[in-house]
Structure formats: structure tokens, C-alpha cells
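This report concerns only the one structure given below.
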Amino acid sequence: MSGSAITIGKFNGFHLGHQVLLNRITKEASDKGLKAVCLKLVINDTCIFSDDENESFIREHYPSINSLEKLEFTPELARMSPEDFVRDILIDRFDVKYIAVGSDFRFGYNRAGDTDTLIQLGKEFGFETEVIDKLEIDGEIVSSSRIRAFLDKGEMQSAQKLLGRPFAITGMVQGGKKLGRSLGYPTINLKADEKKILPAFGVYASRSLILEESGEVKEYKSITNIGIRPSIDDGDAATIETFIYDFNEDIYGSKVSVALDRFIRPEMKFSGLDELTSQISRDIKVASEV
């Protein structure tokens, strides 16, 4: 297998627009006997899905992609001319034969290179360039910024429509204060990637995916609270707590993925634990009515 079919971008979440590019490189790689390479530009920024979550998505949905590569946006990279970027990165490092990019793709020092530049350089260096129009849903371009805006408002179904899958939080189960257990609703506490954005604080109907000892991933209905727990005076750091229905196993240290399906209510401050317990009971009832 010689040469690569490649796509480049920030790929913050691999939404449906990004998946159009992934579909193109996998098809071209298959048709022309090339390696399929997704080159993710890494900028010091928050993310919709973490590196671990993105890698899991690629493994599950795009197994024919040979490698998911990361390109750090270093000062040296920022100073590269479009010609140097093509020669040093695309040709020397990846032996590109085909590249698919979005219509707004820019590269090189001060974003001097655009899709026309890339097409011309492709002719000079011997690779094919395909420019893909931006995907639109409901008359608007699918973008990471739109998804972030939906998450900020807790509009999970709208975010899911652009992502092509539910927004989920994957992390390790860590020990908490065990307050939920004392209230009769034992929860798991997730430690998510520190760069991962969180949706609007509040309570969500959710589904928890847990890796069983057998290797099988089992899904459970759950309810999840995201926020700073003002009733507990828990400080400013956001916590992610999930109560899993009909589940009573010790999974500390395990990796769990919680898919947030529906926003139930914003975070609230309660006068005492009795009021909090009553509200949890009502939240579970509302979350179960799906």
C-alpha cells in the first residue's frame, strides 16, 4: 500500500459534516489502494469530544481508516508557507495522492493558502484535491460552533442531529462523597477529560454504557446531574454524577460512557436534603417517561 488519501481539519467532534470527508477518503483509499489518513490539527482549545472519545469513534465507525494522526499547531507550523506545508507535511510525511478538504480550508502562514492554492500545488506535486461543500441541515451549515451553542442551552437533540450521534461524556469512575448513597440514590462520579466542554448545568435523562467483565458493553438507563451542586456547597469545580437504574455494582476505576439524551431541568439550590431527595425522585420519574 503506497501513498495516502488524507483529510485535514480540527475535527472537533467528528460531526456529520466531518463524516462526509471521512467517507470520501475511505472510498478513495479503497478504490486506489491507498492508506486512509485523518490528520487532526491540534490547537490548545476545548473540545466537544476528547481524543480518547474520537479514537473510539473512528475505531467503531471507520475501521478502514488506517491512522488518525495529530498535528500540533506549533509556532514552527504556523510560520510555514503553503508550499512548505504541502512539501514537508503532505508529501514528505504522508506521501499524499488524494486529499479531501472543506470549502473553507485555509493553511500556511497567516492562512495564506486556500482551496485554489491547494489545487494548484496538487498539480505541481502530483496529488488530486477534492473540495467538499459544507453540509447543511435545516438550511444552516453543520459546524462545531452550532453544536457548542446547542450544548450551552442543553438542547441535546439538536446537537445530536448535527453530530449524528448522542453527545456523551466518557471518563473514569472515581470516589465521591457518597451523599447520593445516603439519600437512597447511589451515584457514580465521572472524571472527564479536562478540555472537554460540558453542556448547560442541570439534570439529564441519560444512558450509561458500561464495559462488563465478559468484554460486552451493556447499556443502562440513568439520570445525570452536571454542575457545581449549590445545595452541597461543593465549590466551583463542575461534577458529573449519574444514578444508574437497577444497578448496584462497584465499578470504581472503570471507564463509563454516559450519553445525554434530554435536558430535564436546570441546576437548583434546595433548602435541605429532604427537599433535594424529593426533587431527585421527581427527576427520575420525568426521565423515565420517554
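Given the structure is predicted, the values throughout are model-derived calculations rather than measurements. Computation of the quantities below employed the complete heavy-atom set of this structure, encompassing side-chain atoms and omitting hydrogens, waters and symmetry-equivalent molecules. Position 1 is the first residue of the sequence; numbering continues from there.
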Side-chain touch [X]/[Y], heavy atoms, less than 4.5 angstrom:
X: Ile169; Y: Leu198; value: yes
X: Asp138; Y: Lys161; value: yes
X: Arg165; Y: Phe57; value: yes
X: Ile132; Y: Thr7; value: no
X: Pro82; Y: Phe107; value: yes
X: Ile89; Y: Leu39; value: yes
X: Leu162; Y: Leu16; value: no
X: Phe247; Y: Ser208; value: no

Expected output: side-chain [X] to main-chain [Y] donor-acceptor under 3.5 Å:
X: Asp193; Y: Lys195; value: yes
X: Gln19; Y: Leu163; value: yes
X: Ser144; Y: Asn12; value: yes
X: Ser103; Y: Asp133; value: no
X: Ser30; Y: Thr26; value: no
X: Glu69; Y: Val37; value: no
X: Glu219; Y: Arg207; value: no
X: Glu128; Y: Lys97; value: no
X: Arg262; Y: Gln157; value: no

Residues Ile244, Ile210; criterion side-chain contact (heavy atoms from CB on, under 4.5 Å); working and verdict:
CA-CA 11 Å; Ile244 304 173; Ile210 300 174; 3.8 Å; yes
For [X], does the [atom1] atom have more than 12 heavy-atom neighbours from other residues, nucleotides or ligands under 6.0 Å away?
X: Lys196; atom1: NZ; result: yes
X: Phe125; atom1: CZ; result: yes
X: Lys32; atom1: NZ; result: yes

Which heavy-atom pair separates [X] from [Y] by the least distance, and what is that distance?
X: Ala200; Y: Gly154; result: CB-N, 3.7 Å
X: Phe201; Y: Phe263; result: O-CE1, 3.9 Å
X: Ile25; Y: Cys38; result: CD1-N, 4.4 Å
X: Phe85; Y: Met80; result: CA-SD, 3.8 Å
X: Leu21; Y: Val101; result: CD2-C, 3.8 Å
X: Thr242; Y: Ser206; result: CG2-OG, 4.4 Å

May I ask whether [X] and [Y] are part of the same hydrophobic cluster, defined by side-chain heavy atoms of I, L, V, M, F, W, Y residues being less than 4.5 angstrom apart, directly or through others?
X: Phe105; Y: Leu77; answer: yes
X: Leu22; Y: Ile141; answer: no
X: Leu71; Y: Phe127; answer: yes
X: Leu260; Y: Ile188; answer: yes
X: Leu151; Y: Ile137; answer: yes

Please report the interatomic distance [atom1]([X]) to [atom2]([Y]), rounded to the nearest 0.5 Å.
X: Ile6; Y: Leu34; atom1: CD1; atom2: CG; value: 11.0 Å
X: Ser67; Y: Lys35; atom1: OG; atom2: NZ; value: 5.0 Å
X: Leu190; Y: Thr239; atom1: CG; atom2: OG1; value: 10.5 Å
X: Glu136; Y: Ser143; atom1: CD; atom2: OG; value: 11.0 Å
X: Asn225; Y: Phe243; atom1: CG; atom2: CZ; value: 13.5 Å
X: Lys269; Y: Glu275; atom1: NZ; atom2: CD; value: 11.5 Å

Please name all residues satisfying ring-ring contact (aromatic ring centres under 6.0 Å, His included) with Phe49, sequence neighbours left out, ordered by chain then number.
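ring-ring contact (aromatic ring centres under 6.0 Å, His included) list for Phe49, sorted by chain: Phe167.
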Evaluate Glu28 against Arg24 for salt bridge (Lys or Arg N to Asp or Glu O under 4.0 Å), listing each step before the verdict.
CA-CA 6 Å; Glu28 289 296 315; Arg24 289 301 301 139; 2.9 Å; yes
Working for side-chain contact (heavy atoms from CB on, under 4.5 Å), residues Gln120 and Asp116
CA-CA 6 Å; Gln120 183 58 43; Asp116 288 337; over 6 Å; no
Checking side-chain polar atoms at under 3.5 Å, does Arg148 have a donor or acceptor matched by the opposite partner on Ser145?
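Their side chains do not contain a donor-acceptor pair, so the 3.5 Å distance test is not met.
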Could you tell me which residues satisfy salt bridge (charged side-chain N to carboxylate O under 4.0 Å, His left out) with Asp246, sequence neighbours excluded, listed by chain and number?
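In terms of salt bridge (charged side-chain N to carboxylate O under 4.0 Å, His left out), with neighbours along the sequence ignored, Asp246 is linked to no residue.
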Could you pull out all residues at least two apart from Arg265 that satisfy salt bridge (charged side-chain N to carboxylate O under 4.0 Å, His left out)?
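Here the qualifying residues are Asp283.
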side-chain contact (heavy atoms from CB on, under 4.5 Å) assessment of Ile284 paired with Tyr245
CA-CA 9 Å; Ile284 291 172; Tyr245 307 159; 3.9 Å; yes
Steps toward side-chain contact (heavy atoms from CB on, under 4.5 Å) verdict (Asp92, Arg87)
CA-CA 6 Å; Asp92 291 351; Arg87 183 183 59 250; 4.3 Å; yes
Phe11 and His18 aromatic ring geometry - parallel, tilted or perpendicular at 30°/60° bounds
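Taking Phe11 first and then His18, their aromatic rings stand perpendicular (interplane angle over 60°).
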